[in-house]
Structure formats: C-alpha cells, structure tokens
Amino acid sequence: MAPHHLPFFLAPGSGTDTLMVVMGIFLIGTILWVGTLYWKLHSLPERMAHKSQKLQFELVAVLGLISLFTHMHIFWVAGLLLALIDIPDFGTPLRSIADSVEKIADATPGQDGTPIEDTPAPVPAATTETTRKEPSHA
C-alpha cells in the first residue's frame, strides 16, 4: 500500500531491492579492482628486477614473498631498492680471465709430450756507455 511517488531506491513491497543488487555488484568489482592493483604494486620490484641478473631477481622475489607473508613492509622496500640498483657484473670478466688462463695453461710447451727446444737465452749487447758512472753532485 505504498504510494506511487516513493523514490526509486526504496524497495517495493513485493520486489527485489535494485539498489542493493547494483551496490553489491559495484562492491565486488571494486574489491577485485583494488586487489588487482595491490598485486601489481606488490610485484613491482619483481617485475623491475626481471631484466637484471638471475641472482638479483631471486633475491628480490624472496624479499617480496617475505614481505607478503610477514606483513613487514621493510622487506618490500628493500626489494624495491635492490631492484632499482644495478649490481655490477663481476662474473663475466672473471669467467673470461679464467677461460683465458685455462687456454694458456693448455697451450704450454712440453705439455703433450713434445720436447721443449733448448735454445740459449739471448745475451743482451753490452755497450761501453752502460759501464760509465755518472758524476756525483755531492
């Protein structure tokens, strides 16, 4: 027996509440959107470190997981800072040096049974100027 001039947001006596259904759908959509935004923000350091070295990426991923499960934001901040810093690559030059030294060691004479040539060392040419002493200024 409700009058016909009631506002639209009031539920009729025999029907469903349209505003509540709309707000429920809006609430579920908002929660999904905020959750997606949270996960994108939480994985930001990991996505940034994905381009870097494998060890750095793994450290950032572990820090992100620790911050997720402990709710301690300092781990997330540490992961973000580690992802922003470019760690120098020490492995490649050292590996190159090790490979070169290994090649040199494999190429040493007499290693594979070939005899080493016994040639005398070259004698430096002695000059008369090298035996002269300079005058002292004392």
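All figures in this text were calculated on a predicted structure; none of them were measured in a lab. Counting from 1, the numbers follow the sequence of the chain as shown.
Listed by chain and number, the residues in a ring-ring contact (aromatic ring centres under 6.0 Å, His included) with Phe57 are His50 (sequence neighbours excluded). Residues forming a side-chain hydrogen bond (donor to acceptor under 3.5 Å, both in side chains) with Thr92 (at least two apart in sequence, or on another chain): Asp89. With sequence neighbours left out, the side-chain contact (heavy atoms from CB on, under 4.5 Å) criterion links Ile66 to Val62, Thr70, Phe75. Residues that satisfy the side-chain contact (heavy atoms from CB on, under 4.5 Å) test with Ile85, not counting sequence neighbours, are absent from this structure. Met20 is linked by a side-chain contact (heavy atoms from CB on, under 4.5 Å) to Asp17, counting only residues two or more places apart in sequence or in another chain.
In this structure, Ile25 belongs to a hydrophobic cluster whose other members, linked by side-chain heavy atoms under 4.5 Å apart, are Val21. In this structure, Leu27 shares a hydrophobic cluster with Ile31, the cluster being traced through Ile, Leu, Val, Met, Phe, Trp and Tyr side chains under 4.5 angstrom apart. Summarising the hydrophobic clusters (Ile, Leu, Val, Met, Phe, Trp, Tyr; side-chain heavy atoms under 4.5 Å, direct or chained), the residues clustered with Leu32 are Ile28.
Applying the salt bridge (Lys or Arg N to Asp or Glu O under 4.0 Å) definition to pairs two or more places apart or across chains, none involves residues 25-37. Every pair passing side chain to side chain donor-acceptor pair (under 3.5 Å) that includes a residue from residues 25-43 is listed here, sequence neighbours excluded: Ser43-Arg47. Residue pairs meeting the side chain to side chain donor-acceptor pair (under 3.5 Å) criterion with at least one partner in residues 55-69, sequence neighbours excluded, are Ser52-Gln56, Lys54-Glu58.
Across Leu63, Leu80, Leu81, a single residue satisfies side-chain contact (heavy atoms from CB on, under 4.5 Å) together with Pro45, and that is Leu80.
Shown here is Asp99, whose CG atom has more than 12 heavy atoms of other residues, nucleotides or ligands within 6.0 Å.
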